[in-house]
Amino acid sequence: MAAETGTAAPSLGLLLQELLQHGAFEAVLFALLLAAALSILWYTVRTGVPPLPSNPFARRAMFRLIPKDARPETIYELGSGWGGIAFALAARFPDARVVAIELSPLPWLVCHIRRLLQPRRNLEIRRADFLKTDLADADLLLCYLMVAPMRSLERKLSADLRPGAVVIANAFALPGWEAEEMEIVSEAMHANIYRYRVPG
């Protein structure tokens with residue numbers, strides 16, 4: 001067994017050396033990067049939302065708008081991208097179940113790798129379309145999307161959410177909903193951060 005291991009390692013080293021000498025390694029790397037870029041582009045076109053991280057100042061404003069007396073049991077981040085907000089939510093509310101929903105496979109995979117480095121026992125990373133996900137158990141929901149998805153999301157939340165649930169939206173408002181509070185973040189190109197509460 002030891003002899004097999006000993007011969008496998010040099011063979012792998014020789015293979016990598018051959019790839020480097022003939023330029024194949026660069027070709028494989030380029031192909032992987034191209035595939036990643038095309039994947040992001042495809043899912044951006046499909047969902048209408050690029051996986052852009054929230055501006056740090058906007059993110060802080062979103063967290064400031066979470067009611068100070070909030071004790072959520074279930075929290076959702078819709079279109080969680082690379083996981084910045086979801087990981088912060090899991091740290092702030094260790095007793096809550098935090099569900100990060102992302103459809104694009106590359107950001108979703110990065111979140112899983114990130115969780116290996118930053119374990120969060122209460123964080124669930126789910127690859128799914130949030131418009132087809134049951135959100136009825138949400139106490140708190142955060143999102144940073146775009147104009148068109150917010151129209152579809154407004155109908156979804158109106159159907160799913162129970163009275164008292166809180167929704168915090170970065171930059172793009174829910175059409176037809178009246179925000180109970182709003183903060184303008186000058187450091188984030190004067191982005192509006194909205195807080196909504198389902199009436200009832």
Side-chain angles (χ1 to χ4, degrees), residues 43 47 49-146 149-150 152-154 156-157 160-174 177 179-185 187-188 191-198:
Y43 279 93
T47 64
V49 185
L52 295 175
S54 295
N55 177 286
F57 292 100
R59 185 185 304 177
R60 288 182 202 127
M62 294 176 80
F63 276 71
R64 281 196 298 272
L65 285 182
I66 297 174
K68 290 182 171 54
D69 60 349
R71 299 291 183 272
E73 293 182 6
T74 303
I75 305 171
Y76 284 88
E77 188 195 359
L78 306 184
S80 54
W82 310 100
I85 290 177
F87 276 80
L89 285 167
R92 175 162 171 178
F93 297 102
D95 296 325
R97 171 175 164 256
V98 178
V99 183
I101 299 180
E102 175 60 49
L103 186 59
S104 185
L106 184 59
W108 169 83
L109 179 61
V110 168
C111 282
H112 276 282
I113 295 170
R114 181 174 179 176
R115 190 169 56 179
L116 295 176
L117 304 174
Q118 294 178 274
R120 296 285 189 272
R121 63 170 183 78
N122 60 327
L123 175 59
E124 176 186 343
I125 301 166
R126 188 185 301 176
R127 183 165 180 257
D129 182 346
F130 57 75
L131 293 175
K132 298 177 181 177
T133 300
D134 185 2
L135 304 172
D137 59 343
D139 301 301
L140 174 63
L141 187 149
L142 289 83
C143 62
Y144 175 32
L145 303 171
M146 292 286 164
M150 292 300 279
S152 301
L153 182 62
E154 185 273 332
K156 169 73 172 169
L157 298 184
D160 279 14
L161 294 187
R162 56 194 174 192
V166 172
V167 178
I168 297 177
N170 180 357
F172 301 98
L174 284 168
W177 286 38
E180 70 171 15
E181 191 168 342
M182 184 184 78
E183 182 173 337
I184 299 174
V185 186
E187 301 92 341
N192 293 336
I193 311 297
Y194 305 90
R195 184 176 80 198
Y196 304 92
R197 194 183 301 267
V198 179

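Heads up: numbering here begins at 1 and tracks the sequence. Keep in mind it's a predicted model, so treat the numbers as computed, not measured.
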Expected list for residues 57-67: side-chain donor-acceptor pairs under 3.5 angstrom, two or more places apart:
| from | atom 1 | to | atom 2 | distance (Å) |
| --- | --- | --- | --- | --- |
| R64 | NE | E183 | OE2 | 3.3 |
| R64 | NH2 | E183 | OE2 | 2.3 |

[X] and [Y]: which non-hydrogen atoms are nearest, and at how many Å?
X    : Y    : result
L153 : L145 : CD2-CD1, 3.7 Å
Y196 : A169 : CE1-CB, 4.3 Å
R162 : A136 : CD-O, 3.8 Å
L161 : L135 : CD2-O, 3.4 Å
Y144 : S54  : CD2-OG, 3.4 Å
A171 : I193 : N-CD1, 4.2 Å

key: Worked verdict on V167 versus L174 for side-chain contact (heavy atoms from CB on, under 4.5 Å)   = CA-CA 10 Å; V167 178; L174 284 168; 4.0 Å; yes
key: Test item: I125 and R115 side chains (from C-beta on) under 4.5 Å apart, heavy atoms   =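 Of all side-chain heavy-atom pairs linking R115 with I125, at least one is under 4.5 Å.
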ask   = Is any side-chain heavy atom of L157 closer than 4.5 Å to a side-chain heavy atom of L141?
value = yes
query = Hey, what do you get for CG (L78) to CE (M150), rounding to the nearest 0.5 Å?
reply =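 Taking CG in L78 and CE in M150, the distance rounds to 9.0 Å.
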key: Between OH on residue Y194 and CD on residue E180, distance to nearest 0.5 Å   = 14.5 Å
query = Excluding sequence neighbours, so at least two apart, what forms side-chain contact (heavy atoms from CB on, under 4.5 Å) with I184?
reply = M182, H190, N192
ask   = Looking at residues at least two apart in the chain, or sitting in another chain, which of them share a side-chain contact (heavy atoms from CB on, under 4.5 Å) with T74?
value = Y76, R97, D137, D139
task = For residues 70-82, pull every pair meeting salt bridge (charged side-chain N to carboxylate O under 4.0 Å, His left out), keeping only residues two or more places apart or in separate chains.
result =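 Not a single pair qualifies under salt bridge (charged side-chain N to carboxylate O under 4.0 Å, His left out).
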If you look only at distance, which donor and acceptor atoms sit under 3.5 Å apart when one is on a side chain in residues 79-87 and the other is two or more places apart or in another chain?
| from | atom 1 | to | atom 2 | distance (Å) |
| --- | --- | --- | --- | --- |
| S80 | OG | I101 | O | 3.4 |
| W82 | NE1 | P51 | O | 2.6 |

ask   = Taking the side chain from N122 and the backbone from A96, do they hold a donor-acceptor pair closer than 3.5 Å?
value = yes
key: Under 3.5 Å: donor-acceptor pair, side chain of R127, backbone of L103   = yes
ask   = Checking side-chain contact (heavy atoms from CB on, under 4.5 Å) for the pair M146/T47: CA distance, chi angles, key distance, verdict?
value = CA-CA 10 Å; M146 292 286 164; T47 64; over 6 Å; no
inquiry  = Once ring-ring contact (aromatic ring centres under 6.0 Å, His included) is applied, what residue pairs with a partner in residues 105-124 remain, sequence neighbours excluded?
reply    = W108-H112
inquiry  = Could you go through L140 and I168, starting from their C-alpha distance and side-chain angles, then the distance that decides it, and tell me whether this counts as side-chain contact (heavy atoms from CB on, under 4.5 Å)?
reply    = CA-CA 8 Å; L140 174 63; I168 297 177; 4.3 Å; yes
